[in-house]
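Protein chains get the first letters and strands the later ones, always in sequence-line order, with residue 1 at the start of each.
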Protein chains: 2
Amino acid sequence: MNDVGCHSPLVRKFQALGPWTDSELLALGSFGSRRRRLGAHQAIFHERDASDEAYLVQSGWTCVYKLLPDGGRQVISFPLPGDIVGISGLFLDGAQFSFESLTPVELSPISTATLLNGAMASSNVARAVRWSVARDSAILVEHLVNVGRRSALMRTAHFILELAHRLRLIGAERAGEFACPVNQYWMADALGLTAIHLNRVLRELREAHLVTLRAGHVSIHDYEGLKDLAVFDGDYLSPPKRVGWP
Amino acid sequence: MNDVGCHSPLVRKFQALGPWTDSELLALGSFGSRRRRLGAHQAIFHERDASDEAYLVQSGWTCVYKLLPDGGRQVISFPLPGDIVGISGLFLDGAQFSFESLTPVELSPISTATLLNGAMASSNVARAVRWSVARDSAILVEHLVNVGRRSALMRTAHFILELAHRLRLIGAERAGEFACPVNQYWMADALGLTAIHLNRVLRELREAHLVTLRAGHVSIHDYEGLKDLAVFDGDYLSPPKRVGWP
DNA sequence: CGTCTAGTTGACAGTCCTCAATGCGGGTGG
DNA sequence: CCACCCGCATTGAGGACTGTCAACTAGACG
């Protein structure tokens, strides 16, 4: 009857947190009731914009970043389908970062009221939202460790593995292969490198038969080797296994 | 009558979010009902520890960090009195980082139940907690930008200014002077630098008559100059000014 | 066919790291 | 009281990693 979630990346992401009742699926569905389509490289909001809405990514790749006065850019994250962007901005004076599409995307604006009502209506929904926020924070922490304390090579390997894991959870990765429309400029700005140096690092990874990134497509040739290089552990990305979690 | 908050850094931090009713102050006070004293450099929890409790710092300086297998260390944050550590760990499988005291500290463990009950009992408390979490996220984002895209000099300047602002909000900074018991090893690990290089950077800042850090005490000599150097804007640290915020 | 974006490569410079040594102050024990 | 130790700060010399500048290729597109 209720197939609200069949095509919803949010429901897919929260699947393991279930079981979900029909009414809860409906509540989750309400997060995606409104839709907006945008082309590639369109601004969604800018740093300092007062924001009354967060955005659920329904399809496509997006990018969260901050610009510096000297022209520098730091990419904070690449939100994927099922990810919600800008929740923290709801509770501050404005967004702390800019948000834009990298590919054509489909977005669902979520008002503060919708978010809070959904969480109040169902404790399962509230849990899922709390987990999502906590996971985003864990990703951010790992990103900081990556940029602060890993070499360019390890950093890049770690980044690719994190992408692979996140994409696997939404069914967009298979056997170490996935589409990745992020160009080397954006990727370099995520990793705190220059595009030129990233290019050399990617060559090194390719020549070591670990991973190839070409024409918007990533092929991981040696998952274990890459994992060893990056000292990657993807536990922080998966839904919690604990029973009776809050 | 009700002086629950008079000596509570949490209430002080949340002051501007008021007005607070007595019963709400009581609810906030419940976050600090239990107390634990610890000496300097004591572990509070470790990465991967299953955690049922977050910690409110009541007094003293603390440190959140991650260790890498090669011996490296990335400091994520220096939680100060009024800050709550480990909320995200409650909603994941375990803590993503280690937490320890830098000085003798006083901590209040907050159970998941206490936190959620407090938030359910009062929408003002819920707001305050949401703001606190959102602010921590904003600080983390700024930290990532700092490490990823700013030179060692700007990075250090920015870090010192952020500390100054945070300390000012809890009344621990006056006229550009504050105590800072963080040694150069810890600070370097926060900034993604080596202690040796940080030392040279600090000398440079001192010789430029911008700021001096000596014997656990920071003196900002030229606030504007430092701010210009770091391109610092501390808005993300202050309570939101919006009316009717959620 | 020209233009544009993205990717690639080379040469060189510079920031930051590594290794090594020294100074300095505060404890602790003889 | 003094010697010793230890954590922390400081400095020097050299090297490695990463950035800068510049040029060139390849493919997409009109």
If you check the [X] side chain, which of [options] turns out closest?
X	options	answer
A/R203	C/dT9, C/dA6, D/dT18	C/dT9
A/T194	D/dT18, D/dT11, D/dG19	D/dG19
B/I196	D/dA9, C/dC19, D/dG19	C/dC19
B/N199	D/dC21, D/dT11, D/dT18	D/dT11

> More 5' along DNA chain C: A/N183 or A/R149, using each one's nearest nucleotide?
Replying inline: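 So the residue in question is A/N183.
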
> Could a donor-acceptor pair under 3.5 angstrom be found where the side chain of B/R200 meets the base of D/dG12?
Replying inline: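 By the distance-only test, yes, there is a pair.
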
Nearest whole angstrom, please: distance from the [atom2] of [N] to the [atom1] of [X].
X	N	atom1	atom2	answer
A/L153	D/dT18	CG	C1'	13 Å
A/E204	C/dT8	CD	C1'	15 Å
A/D70	D/dG19	CG	P	14 Å
A/E207	C/dT9	CD	P	8 Å
B/L202	C/dC16	CG	P	13 Å
A/M154	D/dC17	CE	P	14 Å
B/L198	D/dT10	CG	P	10 Å
B/H197	D/dC17	NE2	P	17 Å

[Y] side chain reached by [X] side chain, heavy atoms, under 4.5 Å:
X	Y	answer
A/I84	A/V133	no
A/Q184	A/N199	yes
A/Y55	A/I110	no

Does [X] reach a base, just sugar-phosphate, or nothing at all? Heavy atoms under 4.0 Å.
X	answer
A/G72	nothing
A/G216	nothing
A/L193	sugar-phosphate

> Can you tell me if the side-chain N/O atoms of A/Q184 get under 4.0 Å from OP1 or OP2 in C/dT8?
Replying inline: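 For A/Q184, the contact criterion (side-chain N or O under 4.0 Å from OP1 or OP2 of C/dT8) is met.
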
Can you tabulate the close N/O pairs, meaning under 3.5 Å, that link protein atoms to atoms of nucleotides 23-30 of chain D?
none

>> Pair A/S98, A/E47 - check side chain to side chain donor-acceptor pair (under 3.5 Å), show working.
In response: CA-CA 5 Å; A/S98 302; A/E47 197 177 339; 4.8 Å; no

>> Between the side chains of B/E53 and B/R34, is the shortest nitrogen-to-carboxylate-oxygen separation below 4.0 Å, so that they form an ion pair?
In response: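 Yes, B/R34 and B/E53 are salt-bridged.
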
> Do the charged groups of A/E142 and A/R150 touch, with an N to O distance under 4.0 Å?
Replying inline: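 Answer for the salt bridge query: yes.
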
>> As a test of understanding, state which of A/F99, A/F97, A/W186 forms a ring-ring contact (aromatic ring centres under 6.0 Å, His included) with A/Y65.
In response: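 When ring-ring contact (aromatic ring centres under 6.0 Å, His included) is applied between A/Y65 and each of A/F99, A/F97, A/W186, only A/W186 qualifies.
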
> What distance separates B/H221 NE2 from B/T212 OG1, expressed to the nearest 0.5 Å?
Replying inline: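 Going from NE2 on B/H221 over to OG1 on B/T212, the span is 3.5 Å.
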
